Asks: 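What follows is a single structure, and I will ask about it in a moment.
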Amino acid sequence: MKQQRYDVVIVGGGAAGLSGALALGRARRSVLVIDAGEPRNAPASHVHNYLGRESTPPGELLAIGRGEAAGYGAEFVEGRVASAERLPEGGEGEQGFRVVTEDGRSVEARRLLVTTGLVDELPPVPGLAERWGREVLHCPYCHGHEVSDRPIGVLATGPLAVHQALMWRQWSDDVTLFLHTGPEPTEEEYEQLAARGVAVVDGEVAGLEVADDRFTGVTLASGRVVPREALVVQARFTARSAVLESLGLKPVPQEMGGAVIGSYIPTDPTGATEVPGVWAAGNVTRLTEQVIGAAAAGLMAAGAVNGDLIAEDTRLAVAARRA
């Protein structure tokens with residue numbers, strides 16, 4: 001940290017944080033990005049649906065973004081933020097925050113942009129975590145094309161499993177729904193699955209078969225092995241909200257199709273939270289956002305932050321002129 005107070009401290013250096021840093025640097029704001037170096041998509045081999053950067057490896061995309069933001073003066077430090085607190089307002093109502101990292105470093109900021117993302121909590125099946133982002137998948141738009149026409153399994157753990165199976169059927173005509181711990185499909189759902197040629201397998205899944213570092217099948221509790229080359233799961237999306245919670249904000253559950261799929265921090269469309277001076281962008285507030293959407297949200301929040309700072313700069317200038 002080259003200074004002790006910045007216009008904006010950004011917590012999290014993924015697509016949303018880097019996009020915000022780039023925009024704020026171009027707006028001639030002093031910006032510090034504090035990043036723990038744990039991007040959600042690190043297990044994935046490539047980023048998809050990012051116009052102009054299709055199939056770029058995640059680490060390469062972040063390196064490009066850091067270079068672009070640094071070119072406009074943004075600073076970067078590695079670390080994990082433990083907490084943030086609001087500072088007493090100045091004489092003219094200036095806002096400020098103190099950010100403290102886990103190793104005890106602290107820095108002040110006029111505004112905060114939190115882009116800490118989320119954690120994918122996987123079902124408790126042995127072997128899932130080791131194959132996550134490789135052959136164990138969740139998003140067809142992120143990974144569907146790469147497993148097109150291959151044998152795909154869908155692991156049911158909740159009421160969205162039938163929806164998942166029917167969706168992934170778009171990418172392969174060999175889809176099997178493993179009922180596992182999910183609810184029994186309704187008669188209408190069974191008919192839909194049959195009409196689309198989706199096989200249904202009863203019984204709990206005990207683990208994954210792996211050979212030569214490749215996922216090859218699903219092992220049932222009965223001992224039966226069903227050959228598959230990809231397995232779709234419904235992870236629970238839990239916002240990395242500790243920094244925002246230290247400021248008094250609380251995550252709320254997000255539902256989809258009547259099922260809770262995770263937790264997020266509510267914001268307005270610009271990313272402004274209920275705490276004045278604090279914005280959030282990316283997966284910490286929009287659980288289903290893809291990388292390009294997170295980058296767009298970071299840009300939107302940065303514009304709002306800069307506008308808020310301009311208003312404060314103007315108010316302070318008027319007060320000084322009147323003094």
Side-chain angles (χ1 to χ4, degrees), residues 10-20 33-48 57-59 61-62 78-84 99 101-102 112-143 155 157-158 160-161 164 181 208 231-256 259-267 271 273 278-295 297-298 301:
I10 299 176
V11 184
L18 292 176
S19 181
V33 180
I34 305 176
D35 183 46
E38 298 175 348
R40 177 194 180 196
N41 62 355
S45 59
H46 298 88
V47 172
H48 299 291
L61 183 65
L62 294 182
E78 183 177 342
R80 189 186 307 277
V81 173
S83 64
V99 175
T101 62
E102 287 186 349
L112 294 182
L113 173 55
V114 179
T115 59
T116 43
L118 61 79
V119 174
D120 295 291
E121 298 179 353
L122 301 179
V125 174
L128 285 186
E130 291 79 4
R131 312 309 299 182
W132 177 242
R134 299 174 66 182
E135 304 101 342
V136 176
L137 314 169
H138 76 96
C139 171
Y141 300 104
C142 305
H143 304 287
L155 183 69
T157 53
L160 294 176
Q164 285 181 297
T181 59
L208 278 58
L231 183 63
V232 176
V233 302
Q234 176 60 64
R236 180 181 176 87
F237 306 140
T238 301
R240 289 174 172 151
S241 56
V243 175
L244 293 165
E245 289 185 59
S246 71
L247 289 161
L249 296 165
K250 299 296 182 184
V252 299
Q254 178 164 327
E255 292 189 3
M256 179 181 292
V260 175
I261 63 169
S263 63
Y264 71 102
I265 297 293
T267 68
T273 70
V278 179
W279 275 257
N283 286 145
V284 71
T285 183
R286 292 178 177 83
L287 301 183
T288 59
E289 199 76 271
Q290 294 192 39
V291 178
I292 194 168

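These figures come from a predicted structure and were not determined experimentally. We number each residue from 1, following the sequence as shown. Hydrogens, waters and symmetry mates play no part in the numbers below; they use all other heavy atoms, side chains included.
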Asks: Do Q234 and P123 have side chains that get closer than 4.5 Å, going by heavy atoms?
Replies: no
Asks: Once you round to the nearest 0.5 Å, how far does OG1 of T273 lie from CD1 of I265?
Replies: 8.5 Å
Asks: How close do R236 and G262 get, heavy atom to heavy atom, and via which atoms?
Replies: CG-CA, 4.0 Å
Asks: What verdict does the side-chain contact (heavy atoms from CB on, under 4.5 Å) test give for R240 and L118, after you've listed the backbone C-alpha separation in whole Å, the side-chain angles of each residue and the deciding distance to 0.1 Å?
Replies: CA-CA 5 Å; R240 289 174 172 151; L118 61 79; 5.5 Å; no
Asks: How long is the straight-line distance from OG1 of T116 back to CD of E38, given to the nearest 0.5 Å?
Replies: 11.5 Å
Asks: What heavy-atom pair brings A294 and G282 nearest, and what distance separates the two atoms?
Replies: CB-CA, 4.0 Å
Asks: Count the heavy atoms of every other residue, nucleotide or ligand shown that sit under 6.0 Å from CD of E78, and state whether that count exceeds 12.
Replies: no
Asks: Apply side-chain contact (heavy atoms from CB on, under 4.5 Å) to the pair L247 and V114, showing each step before the final yes or no.
Replies: CA-CA 11 Å; L247 289 161; V114 179; 5.6 Å; no
Asks: With rounding to the nearest 0.5 angstrom, report the OG1 to CD distance, T288 to Q254.
Replies: 6.0 Å
Asks: Mind checking side chain to side chain contact (heavy atoms under 4.5 Å, CB included) for P266 and listing every partner two or more places apart, or none if nothing turns up?
Replies: V252, Y264
Asks: Between V33 and G12, what is the shortest heavy-atom contact and its length?
Replies: CG1-O, 3.9 Å
Asks: If you measure from OG1 on T157 to CG on L122, what distance do you get to the nearest 0.5 Å?
Replies: 10.0 Å
Asks: Determine whether Q290 and V47 make a side-chain contact, defined as any pair of heavy atoms from C-beta on separated by less than 4.5 Å.
Replies: no
Asks: Counting N and O atoms only, with roles assigned by atom type, does the side chain of S19 sit under 3.5 Å from a partner on the main chain of A16, one being a donor and the other an acceptor?
Replies: no
Asks: Would you call the rings of W132 and H138 parallel, tilted or perpendicular, where under 30° means parallel and over 60° means perpendicular?
Replies: parallel
Asks: Are the side chain of S83 and the backbone of S246 linked by a donor-acceptor contact shorter than 3.5 Å?
Replies: no
Asks: Go through the structure and list residues passing salt bridge (Lys or Arg N to Asp or Glu O under 4.0 Å) with R40, not counting sequence neighbours.
Replies: D120
Asks: Quick check: closest heavy atoms across G20 and I10, and the distance to 0.1 Å?
Replies: C-CD1, 3.9 Å
Asks: Please round to the nearest 0.5 Å and tell me the distance separating atom CG of L155 and atom OG1 of T181.
Replies: 6.5 Å
Asks: Less than 4.5 Å apart, any side-chain heavy atom of L160 and any of I261?
Replies: yes
Asks: Which atom names give the shortest non-hydrogen contact between P43 and R134, and what distance separates them?
Replies: O-CG, 4.5 Å
Asks: Quick check: does any side chain N or O of T115 sit under 3.5 Å from a backbone N or O of V11, one acting as donor and the other as acceptor?
Replies: yes
Asks: On a heavy-atom basis, which atom in G13 and which in D35 lie closest, and how many Å separate them?
Replies: N-OD1, 2.9 Å
Asks: With no hydrogens and no angle check, is any side-chain donor or acceptor of N283 less than 3.5 Å from a backbone partner on E289?
Replies: yes
Asks: What pairs with H48 under side-chain hydrogen bond (donor to acceptor under 3.5 Å, both in side chains), at least two apart in sequence or on another chain?
Replies: E54
Asks: Just verifying a value: how many Å separate T267 OG1 and L249 CG, rounded to the nearest 0.5 Å?
Replies: 10.5 Å
